[in-house]
Peer 1: 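Starting off with a structure, shown below.
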There are 2 protein chains.
Amino acid sequence: MADTTKVRAKNAYHHGDLRQQLLNATRQLVEEKGPDGFSVSEACRRAGVSTAAPYRHFSDKTDMIAALIVECMKEMTARLIEAGAAHPFGTIEAIAAGGIEYVHFAETNPAMFRLMFSENYGRSEIEEAGHDCYNSLLLQVASYLGKNEVDEEVLRESFPLWTFVHGTSFLWIDGKADFAKTQQSVEELVSEATRRLLPQRSQQ
Amino acid sequence: MADTTKVRAKNAYHHGDLRQQLLNATRQLVEEKGPDGFSVSEACRRAGVSTAAPYRHFSDKTDMIAALIVECMKEMTARLIEAGAAHPFGTIEAIAAGGIEYVHFAETNPAMFRLMFSENYGRSEIEEAGHDCYNSLLLQVASYLGKNEVDEEVLRESFPLWTFVHGTSFLWIDGKADFAKTQQSVEELVSEATRRLLPQRSQQ
DNA sequence: ACATAAAGTTAGAGTTGCTTACATCAAGTG
DNA sequence: CACTTGATGTAAGCAACTCTAACTTTATGT
């Protein structure tokens, strides 16, 4: 069946890849006008298609957003893993690097970050993507604690770390970091907190 | 001048106190339909007035929201102070109690909480109310560190605490706490983190 | 070539919302 | 009681946006 040079994806007829271009346009829009300041129409305008076109690719407006959120979540996950990989697996440095990258992602995509953590409205795809992301942290912490599996203790020690960088991200993009008026950088802030929140390894 | 039974405020002509009732209706609406799921029209419907009525009290839709946000911020501040006051000033217990109440407020008013930390759009009133709120923490921490003023160190030690409860709040209302699958309550989570994040007092 | 299905367009129905111009009504004042 | 003032209602303008239906164009396989 598939024989020569053309294997291109099914969804590459007229426009190229409208689905992806719509997602790109929407993402850009979100960053410009805020988590809720976008519309399908405007995304169409930017992608250079009619307002009816999207309905060949997405059943719904919410369907479109959900797809975008999942895409970003995966991108974020990839970056977190990559950032951690710069240090030996399961060390405080690796864990902190992930946290720093978390904040950094939020800083770079503030509105998308907000959108990602809005009302998922029970979309299982989003929840799954979220789980995958969190899992990258769980594995590091498990290793840090010298375990082969993610058990109760790993969960208990990991959650505060997530919580911390999550809050830092929000306050940071809200400009609330100025409140602190401390000269600390994100890197110092997250590194220090990670060190304090994790139990000392020495007991091992 | 004021003589008998009617002393009612200036802004209590026809409707009673439309301004406040509009804020109440809006708040209810926000909680029902999410941080951006409200409209002036719908608020009017609920307050039982025409869609034009609000414009005697607020110059704008954003003006209305801003007023609501400030109101909630003050309410939150009051609760935090009250929660802290249940313990000796400047103790870890008092600080943790404030943090727990912070999360609790978010839990009780999830959509408003989100709205409070959305795009303030440079409204100085909101920023001010935020500062007042944060200040209640700063004073506790200053006392914990045995200081009379809020200096650089107080700021540095306080910010992570805020960051932590802020993140916890968001994840909690997002239902992401299930990710943790840990049986910990908010109280335990925040107390433990507060203890770990603050420097030991013993060095004093 | 030709049939077919995918991808996109045109046109529009239906909804909702913000805001303003003007009319009305209640309450206090001289 | 006439008058002012401020609070609310009525009506309407206008702008968006979502989504559907029916039609057109393009690519693909045989």
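Below, all heavy atoms of this structure are taken into account, side chains as well, without hydrogens, waters or symmetry copies. Proteins get letters first, then strands, A, B, ... in listed order; numbering begins at 1 in each.
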Peer 1: Looking at the side chain of A:Val49, which of D:dC19, C:dT9, C:dC22 is the nearest nucleotide?
Peer 2: C:dT9

Peer 1: Looking at C:dG8, C:dC18, D:dT18, which one has an atom nearest to any side-chain atom of B:Lys61?
Peer 2: C:dC18

Peer 1: Using only side-chain N and O atoms of A:Ser41, determine if any of them is under 4.0 Å from OP1 or OP2 of D:dA16.
Peer 2: no

Peer 1: Check for a donor-acceptor pair, side chain of B:Gln140 on one end and backbone N or O of B:Gly90 on the other, with a separation under 3.5 Å.
Peer 2: yes

Peer 1: Calculate the interatomic distance between B:Tyr55 atom OH and D:dT10 atom P; express it in whole Å.
Peer 2: 17 Å

Peer 1: Quick one: B:His57 NE2 to D:dG6 P, roughly how many Å, whole number?
Peer 2: 13 Å

Peer 1: Output the rounded distance in Å from CZ (A:Arg46) to P (D:dC17).
Peer 2: 11 Å

Peer 1: Send over the distance from B:Phe58 CZ to D:dT8 C1', rounded to a whole Å.
Peer 2: 15 Å

Peer 1: Measure from the side-chain N and O atoms of B:Asp174 to the backbone N and O of B:Lys176, and report whether any donor-acceptor pair falls under 3.5 Å.
Peer 2: no

Peer 1: Quick one: B:Asp63 CG to C:dC18 P, roughly how many Å, whole number?
Peer 2: 14 Å

Peer 1: For nucleotides 11-15 of chain D, tabulate all protein N/O to nucleotide N/O atom pairs closer than 3.5 Å, reporting atom names and distance.
Peer 2:
none

Peer 1: Rounded to whole angstroms, how far apart are CG on A:Asp17 and P on C:dA6?
Peer 2: 17 Å

Peer 1: Can you tell which of C:dG17, D:dC17, D:dA22 lies closest to the side chain of B:Arg45?
Peer 2: C:dG17

Peer 1: Does A:Val154 offer a backbone N or O that forms a donor-acceptor pair with the side chain of A:Ser158 under 3.5 Å?
Peer 2: yes

Peer 1: Could you tell me whether A:Arg123 and A:Glu125 have a side-chain N and a carboxylate O separated by less than 4.0 Å?
Peer 2: yes

Peer 1: Send over the distance from B:Gln21 CD to D:dA7 C1', rounded to a whole Å.
Peer 2: 14 Å

Peer 1: A:Ser50 near the nucleic acid: base, sugar-phosphate alone, or nothing, with a heavy-atom cut-off under 4.0 Å?
Peer 2: base

Peer 1: Holding to side chain to side chain contact (heavy atoms under 4.5 Å, CB included), I want the full list of residues that pass it with B:Ile100, two or more places apart in sequence or in another chain.
Peer 2: B:Glu187, B:Val190, B:Ser191

Peer 1: Output the rounded distance in Å from CZ (B:Arg56) to P (C:dA23).
Peer 2: 14 Å

Peer 1: Name the atoms and distances for all side-chain donor-acceptor pairs under 3.5 Å in residues 127-137 of chain B, with sequence neighbours left out.
Peer 2:
from	atom 1	to	atom 2	distance (Å)
B:His131	ND1	B:Glu127	O	3.4
B:Tyr134	OH	B:Phe159	N	3.2
B:Ser136	OG	B:Cys133	O	2.7

Peer 1: Salt bridge check, A:Lys147 against A:Glu153: does any charged N sit closer than 4.0 Å to a carboxylate O?
Peer 2: yes

